[in-house]
Amino acid sequence: MKKIISTTKAPAPIGPYNQAILSGNTLYTSGQIALHPETGKLVMDDIKTETKQVMENMKAVLEAADMTFENVIKTSIFISDMHNFSEINEVYGTYFDETTAPARETVEVANLPKFVNVEISMIAIK
């Protein structure tokens, strides 16, 4: 059985998908980009600001499922330019305890939705 997770504190889906699905004790999130949930505008001042907005959106989705970043077991990071990796990683790292950080992959892609620079999805367990 699956439960749809939805919050107004993260951007509304812009297609036929949900912010997250809870199946049993496992949460599968959709990718988040740097859309501000209240204005619907992209936050792309610089790569660190963009990454922070992505992580804040993800935080809101996790909270809607009664979870935190401590529940995250796997992340997928998609970036448009691997040269931005260290700055993205710096911001991303502030949301996790390094000793218990989740498994992760980071992949450079040709394009992302709305031509953003970073998109992140997560899997978490209760």
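Any value given below was found using the heavy atoms of this structure, including those in side chains, with hydrogens, waters and symmetry copies removed. Fair warning: this is a prediction, and the values are worked out from it, not measured in the lab.
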Which pairs of donor and acceptor atoms, one on a side chain in residues 119-126, lie under 3.5 Å apart (sequence neighbours left out)?
unit_1 : atom_1 : unit_2 : atom_2 : d
K126   : NZ     : A65    : O      : 3.4

Subject >> Single-linkage hydrophobic cluster, 4.5 Å side-chain cutoff, V72 and I5 together >> reply: yes
**OP:** Measure across S6 and A64 and return the closest heavy-atom pair with its distance rounded to 0.1 Å.
**Re:** O-CB, 4.2 Å
Side chains of [X] and [Y], heavy atoms from C-beta outward: is any pair under 4.5 Å?
X    : Y    : answer
T106 : I79  : yes
D81  : E108 : yes
N117 : M44  : yes
E87  : T51  : no
E50  : V43  : no
V61  : Q32  : yes

**OP:** Taking atom types as modelled, find out whether N89 and S86 have a side-chain donor-acceptor pair closer than 3.5 angstrom.
**Re:**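 Note: N89 and S86 side chains miss the donor-acceptor criterion.
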**OP:** Mind checking salt bridge (Lys or Arg N to Asp or Glu O under 4.0 Å) for K3 and listing every partner two or more places apart, or none if nothing turns up?
**Re:**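 Salt bridge (Lys or Arg N to Asp or Glu O under 4.0 Å) list for K3, sorted by chain: empty.
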Original post:
Who pairs with E105 by salt bridge (Lys or Arg N to Asp or Glu O under 4.0 Å), at least two apart in sequence or on another chain?
Top reply: K74
**OP:** Dump the intermediate steps for side-chain contact (heavy atoms from CB on, under 4.5 Å) on V118 and N84, then the final yes or no.
**Re:** CA-CA 9 Å; V118 60; N84 290 327; over 6 Å; no
Original post:
Are N71 and L62 close enough, and set up right, to give a side-chain contact (heavy atoms from CB on, under 4.5 Å), and what steps lead you there?
Top reply: CA-CA 9 Å; N71 295 98; L62 290 168; 5.7 Å; no
Original post:
Yes or no on side-chain contact (heavy atoms from CB on, under 4.5 Å) for K114 and L42, after CA distance, side-chain angles and deciding distance?
Top reply: CA-CA 9 Å; K114 297 190 175 277; L42 285 171; 4.0 Å; yes
Subject >> Neighbour count >12 (heavy atoms, 6.0 Å) for atom CD, E70 >> reply: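 Not buried by this count: 12 neighbours or fewer within 6.0 Å.
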Subject >> salt bridge (charged side-chain N to carboxylate O under 4.0 Å, His left out) assessment of E90 paired with K48 >> reply: CA-CA 8 Å; E90 183 180 328; K48 287 184 176 182; 3.0 Å; yes
**OP:** Return each pair, listed once, that meets ring-ring contact (aromatic ring centres under 6.0 Å, His included) where at least one residue sits in residues 38-84; pairs must be two or more places apart or across chains.
**Re:** F69-Y95, F69-F96
Identify each donor-acceptor pair in which a side-chain atom of residues 12-28 lies under 3.5 Å from a protein atom, sequence neighbours left out, and give them as a table.
unit_1 : atom_1 : unit_2 : atom_2 : d
Y17    : OH     : I14    : N      : 3.1
Q19    : OE1    : T7     : N      : 2.6
Q19    : NE2    : T7     : O      : 3.0
Q19    : NE2    : A10    : O      : 3.3
Q19    : NE2    : P11    : O      : 2.8

Solution key, residues 33-41 side-chain donor-acceptor pairs under 3.5 Å, sequence neighbours excluded:
unit_1 : atom_1 : unit_2 : atom_2 : d
H36    : ND1    : E38    : N      : 3.1
H36    : ND1    : T39    : N      : 3.4
T39    : OG1    : K41    : N      : 3.1

